[in-house]
2 protein chains.
Amino acid sequence: MDPRDLLPMGEITRRSGFAASAIRYYEAEGLIEADRSSGGQRRFERNVLRRLAFIRAASNVGLTIGEIRDELSRLPDNRTPTKADWHRISRHWRQRLDDQIAALERLKSGLDGCIGCGCLSLRSCAFSNPGDVLDQRGPGAGLLPDTLRRPHPTRR
Amino acid sequence: MDPRDLLPMGEITRRSGFAASAIRYYEAEGLIEADRSSGGQRRFERNVLRRLAFIRAASNVGLTIGEIRDELSRLPDNRTPTKADWHRISRHWRQRLDDQIAALERLKSGLDGCIGCGCLSLRSCAFSNPGDVLDQRGPGAGLLPDTLRRPHPTRR
DNA sequence: CCTTGAACTCAAGTTCACTTCAACTTGAAC
DNA sequence: GTTCAAGTTGAAGTGAACTTGAGTTCAAGG
C-alpha cells in the first residue's frame, strides 16, 4: 500500500476527536491496528477512522471496551460493515437503549409513587429497595439493569 | 437519649442492606453520624436508617456522594423530611431521570437514522459525533448529558 | 546540519465508591 | 473468667478507561 495513504497520529487525533493517548490505548487493547514508519511512528490506514467512529458510537451506547472489541472482531478486518452487519449491530444497541430507558421509567414511577407518601420506608418502599426486600445483587438490584448500575468496584 | 435506643453496626447492616465498610465510608464522608459506645464502637440513632434509605434511593437515581451530601445537608439533621422537603427533592430527581431518558431517546433516534444508511460517517453522522463536528466536552458531547456520560477518569 | 514540533515508551497517576486486609479490641453470654 | 462473634483502625487494593510525566527520538523545513 502506498505509504502516502497512511495517516500519522496527528491527523487521526484531529479527525477522530480522540486524544493520542486514547488512540494508543485502543491499539494496545486490540481495537485498532497501526503500521509503523521506518522510525517507529504509527501510520494508520484510512479505515481506522471508521473504526474510531464506531468505537465512539458504541461507547455512547454504553458498551465497555471488551464489548466493543467483541463487536469489532465480528467485522472482517478490512471491510467496512455491510448493511447486514450494521443492521444486526444496531438492533442489538437499540435493545440496550430500550432496556436502559425502561429501567429509568421504572425508577421514575417508583419515585412518583413515593411523592405522595413521603415514606422512603425501609420495609415497604420499592423505590429505596433495601437488601432485605429484594435480592442482594447490589445497590439498585431489581430496579436498574446492569448497564445502568453505577459500576461498583469489586462487586464480587 | 436512652442508649438502648441506639443501634449497633450489625443491626444497621442487616436492616439497611449496606456493608459495614460502606456505612463507615458514609460516616467518613459526612453523610451520616454515629455516637460511640464507651469502648469506641459505633452506635447509631434510628433516623440513620432513614438517611441510608435516602442514600440508596439517591444513588439509584445516579447522584454522586457529593450530591447526596448536598441534598442531605439541606434536611435539618434530626428531622425526617417533611412532605415539602420530599416534594422538592423528588421533583429534582424526576427532572434528572427525565433528562437521562431524553438523552437515551435522542441516541436511539440517531441510531435509527443510521440503520438505513450504514454510514457512521465521520463528517455527517450525528450519531457517531466526532470532535470536529460538535464541541469538545468529551465523548458523546451533545448527545449525552453529564449524568449519563460514562464517568471518564481525570476529566479536566 | 539544525531546529522544532510531533511522536515515541513505560510507569505511574486519576476518579469514584467502596472493599479487603491485618492486626487488634469490645462486649454479651455462659 | 473465658470465649468468640462482632467491631475497630489505617493502609492499601479494585476496575474502568484513559491521562500524565519524564525522558528520548523522529521527520520535515530552512
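The figures here come from the full heavy-atom set of this structure, side chains too, leaving out hydrogens, waters and symmetry mates. Chain identifiers are assigned alphabetically (A, B, ...) following the order of the sequence lines, protein sequences preceding nucleic acid strands; residue numbering begins at 1 within each chain. Bear in mind that the values here come from a model prediction, so they are computed numbers and not experimental data.
If you check every strand for non-hydrogen atoms under 4.0 Å, B:Arg24 touches a base. As judged by a 4.0 angstrom heavy-atom cut-off over every strand, A:Ala19 is placed among residues touching the sugar-phosphate backbone only.
One can place CZ of A:Arg56 at 14 Å from C1' of D:dA17, the figure rounded to the nearest angstrom. Between A:Arg36 atom CZ and C:dC8 atom P the separation is 6 Å, expressed in whole Å. If you measure from atom CD of B:Glu29 to atom P of C:dT15, you get 13 Å, rounded to the nearest angstrom. Rounded to whole Å, atom P of C:dC8 lies 13 Å from atom CG of A:Asp35. Look at CZ on A:Arg69: it is 12 Å from C1' on D:dA17, rounded to the nearest Å. The interatomic distance linking A:Ile23 (CD1) with C:dC8 (P) rounds to 10 Å, in whole Å. Atom-to-atom, OH of A:Tyr25 to P of D:dA17 comes out at 6 Å; the value is rounded to the nearest Å. Distance, B:Glu27 CD to C:dA17 C1': 16 Å, rounded to whole Å.
No side-chain donor-acceptor contact under 3.5 Å links A:Glu71 to the backbone of A:Ile68. In this structure a side-chain-to-backbone donor-acceptor pair under 3.5 Å is missing from A:Arg74 to A:Ile89. Of the possible polar contacts, none joining the A:Glu11 side chain to the A:Pro8 backbone as a donor-acceptor pair under 3.5 Å is found.
Across every non-hydrogen atom of A:Arg43 and A:Ser37, the tightest pair is NH1-CB, 3.8 Å.
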Write down the protein N/O and nucleotide N/O pairs, taken from nucleotides 25-28 of chain C, whose separation is under 3.5 Å; answer none if there are no such pairs.
from: C:dT26; atom 1: O4'; to: B:Gln41; atom 2: NE2; distance (Å): 3.3
from: C:dG27; atom 1: OP1; to: B:Ser37; atom 2: OG; distance (Å): 2.6
from: C:dG27; atom 1: OP1; to: B:Gly39; atom 2: N; distance (Å): 3.2

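Taking 4.0 angstrom as the limit, A:Tyr26 places none of its side-chain polar atoms (N or O) nearer than this to OP1 or OP2 of D:dA17. The side chain of B:Arg42 contributes an N or O atom lying less than 4.0 Å from OP1 or OP2 of D:dT8.
When each of C:dA7, D:dG7, C:dC18 is scored by its nearest atom to the side-chain atoms of A:Pro8, the top-ranked nucleotide is C:dA7.
Between B:Trp93 and B:Trp86, the ring-plane angle classifies as perpendicular under the 30° and 60° cut-offs.
Residues meeting the ring pair (Phe, Tyr, Trp, His ring centres under 6.0 Å) test with A:Phe44, sequence neighbours left out: none. Scanning for side-chain contact (heavy atoms from CB on, under 4.5 Å) contacts around B:Arg69 gives B:Glu29, B:Leu31, with sequence neighbours left out.
When both distances must be under 3.5 Å, the Watson-Crick or G-U wobble mate of D:dT2 is C:dA29.
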